[in-house]
Protein chains: 2
Amino acid sequence: MIILSKLADYGVIIATQLATQPERQANAATLAEETRLPRTTVAKLLKALAHGGVVTASRGASGGYRLARPAEAISIAEVVAAIDGAIGVTQCSIHGPDCTRTTFCSTKPHWKRINDAVGTALAAMTLAEMTPANLFAQWLKLPPKPGPTEGQGAAP
Amino acid sequence: MIILSKLADYGVIIATQLATQPERQANAATLAEETRLPRTTVAKLLKALAHGGVVTASRGASGGYRLARPAEAISIAEVVAAIDGAIGVTQCSIHGPDCTRTTFCSTKPHWKRINDAVGTALAAMTLAEMTPANLFAQWLKLPPKPGPTEGQGAAP
DNA sequence: TTAATTTAGGACTGTTCCAGTACTCAATAA
DNA sequence: TTATTGAGTACTGGAACAGTCCTAAATTAA
Ligand code: SF4
Ligand code: SF4
C-alpha cells in the first residue's frame, strides 16, 4: 500500500531541485534533465505546483519557475496536496458527507486523530529539509528542527 | 487524495465491530448485517484479515470469526496492512530497489522520517480505541492512552 | 514588427488497479 | 450423512493513474 502517487513523488523531487538553488529561475526542460524525469511529465507537474501556489512561473523567453516562498516555509504536505489534492485518511475526512455511511458509521469520529497525526507528519517536513545539503545534519545527528519538534503524541 | 482504500476502511469497521464483543463468534453474514456492508465484500475482507492474523476463523456449522488477540493489542496499522499490504509513503519504502531511480534519487533518504511518522500514527491507535464505547473517553478529554489495559475502569 | 521561447490549459489514450461478485473445494458440527 | 461455514481462486466493469500531445497566450529578443 503505497500512499503517495508516482506523480506526487516526482513533484517533491522537482520542488526539492528548485530548493537547492532558490534564486535561480529554471525552465521545465532544464529541470527535467536535472531530475532525469520525462520532460512532458515535469511540465505537467510544474503547472500543478504553480496552480497550488508552491512555485511561481514566468512566461516567455528566458522564463521559468522558482519557489514561491523560501524552502523553509514550504511543507511536503503542500507539495503533495498541489498534485494529489487534499490529504485525508478516509473519504469522510475530505469530501465530508459524500460517503453514504456517514450518518451511522461508528468508526468515523475516531479517524480524526489518525488523520491529524498523518497530516502533521507531512506538514512538519519542509522542502529545505529534503535537500541533499540537509542530509549532513542527519548524519551528524543534529536535532532535525530547532523549533517545535518531537510531535509524536497528538495533544489537541 | 484519500490514503486508505475503501476496502481497508471497511476492514477497520468490521474489525471494530468484532472488538465490541470480543468473546462472541460471528459469521460473515451476521457481521455484514451489523455493519450494513455487502455480504460478499465482508466475506472477502474477513478472509484477508484472517490471512493477516488479525482474526481467527472457525469453519463449519456455527463457525465464524473472532479477534485473534485482545482489541487493545491490535493496531489499526495491522488491520490496514492485512488488506492493503505493507504501508509505505513511497515505492522505495516498501519494494526497495524496485524503483529505477533508487540509485540517484536525492529525496529517497529523507522519506524515511515521514514514513516512520505516518507508520507511527497508524500503529499508535488500537482497535479498542476505535469502538464506540471509547468515544466517552474523548468526550471527557481523558488522556487517550493511560496504559495497555487500564481503560476499563469507569472514569469519574 | 516579427520571430522565438516558454508557460497555461485542455484533451486524449493506454494501462493499471480497485471494488465487487461468483464459483468450487475443504472443514466442521449436528 | 448433510447442512453450514470459511478458504481459495477466478472473473469482470469501471474508475483513476500515468504519460503524451496540441493550441493559445504571454514575454523577450532581434
Ligand atoms: S463515514 Fe465511515 S465508511 Fe464513510 S469514509 Fe468515513 S469512516 Fe469510511
Ligand atoms: S527512489 Fe526516489 S523516485 Fe523512487 S520511490 Fe524512492 S523517493 Fe520515489
Side-chain angles (χ1 to χ4, degrees), chain A residues 1-11 13-14 18 24-33 35-66 68 80 82-85 90-91 94-95 98-101, chain B residues 1-11 13-14 18 24-33 35-66 68 80 82-85 90-91 94-95 98-101:
Chain A
M1 180 214 166
I2 298 166
I3 293 179
L4 258 60
S5 69
K6 270 188 176 184
L7 293 178
D9 188 351
Y10 296 163
I13 292 172
I14 296 168
L18 281 171
R24 180 183 63 146
Q25 186 157 30
N27 61 28
T30 303
L31 286 169
E33 277 197 20
T35 56
R36 301 178 60 172
L37 291 168
R39 293 185 200 91
T40 54
T41 302
V42 171
K44 179 185 190 176
L45 288 171
L46 282 167
K47 291 173 199 171
L49 291 175
H51 196 76
V54 175
V55 302
T56 56
S58 296
R59 294 210 251 191
S62 75
Y65 296 91
R66 63 178 64 184
V80 171
I83 293 169
D84 277 357
T90 59
Q91 194 177 9
I94 302 173
H95 304 299
D98 192 7
C99 177
T100 56
R101 303 176 45 81
Chain B
M1 181 216 165
I2 298 166
I3 293 178
L4 260 59
S5 69
K6 269 189 176 184
L7 293 178
D9 188 353
Y10 296 164
I13 292 173
I14 295 168
L18 280 171
R24 180 183 64 146
Q25 186 156 30
N27 61 27
T30 303
L31 286 169
E33 278 197 20
T35 56
R36 301 178 61 173
L37 291 169
R39 292 186 202 90
T40 55
T41 302
V42 170
K44 179 186 190 176
L45 288 171
L46 282 166
K47 291 173 199 170
L49 291 175
H51 196 77
V54 175
V55 302
T56 56
S58 295
R59 293 210 255 192
S62 76
Y65 295 91
R66 66 178 62 186
V80 171
I83 294 169
D84 277 356
T90 60
Q91 195 179 6
I94 301 174
H95 303 300
D98 193 6
C99 176
T100 57
R101 302 177 45 81

Sub-4.5 Å side-chain heavy-atom contact between A:Gln91 and B:Leu4:
no
Can you tell me if A:Thr30 uses its side chain to pair, donor with acceptor, with the backbone of A:Ala26 under 3.5 Å?
no
Among the candidates C:dT6, D:dT5, D:dA18, find the nucleotide nearest to the side-chain atoms of B:Asn27.
D:dT5
Between A:Arg39 and B:Gly63, which has a closest nucleotide on DNA chain D that is more 5'?
B:Gly63
Are any protein N/O atoms closer than 3.5 Å to N/O atoms in nucleotides 10-14 of chain D? If there are, list each pair with its distance.
none

B:Thr90 side chain to A:Asp9 side chain, donor-acceptor N/O pair below 3.5 angstrom:
no
Please determine, for the side chain of B:Ala57, which listed nucleotide (D:dG19, D:dA7, C:dT21) has the closest atom?
D:dA7
Have a look at A:Ala43 and say if it touches a base, only the backbone sugar-phosphate, or nothing, with a 4.0 Å heavy-atom cut-off.
nothing
Heavy-atom check, side chain of A:Arg66 versus side chain of A:Arg24, under 4.5 Å:
no
Provide the closest heavy-atom pair for B:Tyr65 versus B:Leu18 in the form atom of the first, atom of the second, distance.
O-CD2, 3.8 Å
Return the CD1 to SG distance between B:Ile94 and B:Cys99, rounded to the nearest 0.5 Å.
12.5 Å
In whole angstrom, give the distance that lies between atom NE2 of A:His95 and atom P of D:dA15.
15 Å
Measure NE2/A:His51 against P/C:dT7 and give the value in whole Å, please.
18 Å
In chain order, what residues pass the side chain to side chain donor-acceptor pair (under 3.5 Å) check against B:Ser62, with sequence neighbours excluded?
none
Atom-pair distance (CZ on A:Arg36; C1' on D:dG19), nearest Å:
19 Å
Any side-chain heavy-atom pair from A:Arg101 and B:Tyr10 closer than 4.5 angstrom?
yes
When the distance from CD of B:Gln91 to P of C:dT16 is rounded to whole Å, what number comes out?
14 Å
Given atom CD1 of B:Ile3 and atom C1' of D:dC17, what is their separation to the nearest angstrom?
17 Å
Would you please confirm or rule out a distance under 4.0 Å between OP1 or OP2 of C:dA8 and any side-chain N or O of A:Tyr65?
yes
Quick one, A:Met1 and B:Ile3 - any side-chain contact, counting heavy atoms below 4.5 Å?
yes
Output the rounded distance in Å from CG (A:Leu31) to P (C:dT6).
12 Å
Which atom pairs link the protein and nucleotides 22-30 of chain C when you take only N or O atoms and keep those under 3.5 Å?
unit_1 : atom_1 : unit_2  : atom_2 : d
C:dT28 : O2     : B:Ala61 : N      : 3.3

Just how far, in rounded Å, is C1' of C:dT7 from CG of A:Leu18?
14 Å
For A:Ala28, which contact category applies under a 4.0 Å heavy-atom criterion: base, sugar-phosphate, or nothing?
sugar-phosphate
Between atom CG in A:Leu45 and atom P in D:dC17, what is the gap in whole Å?
13 Å
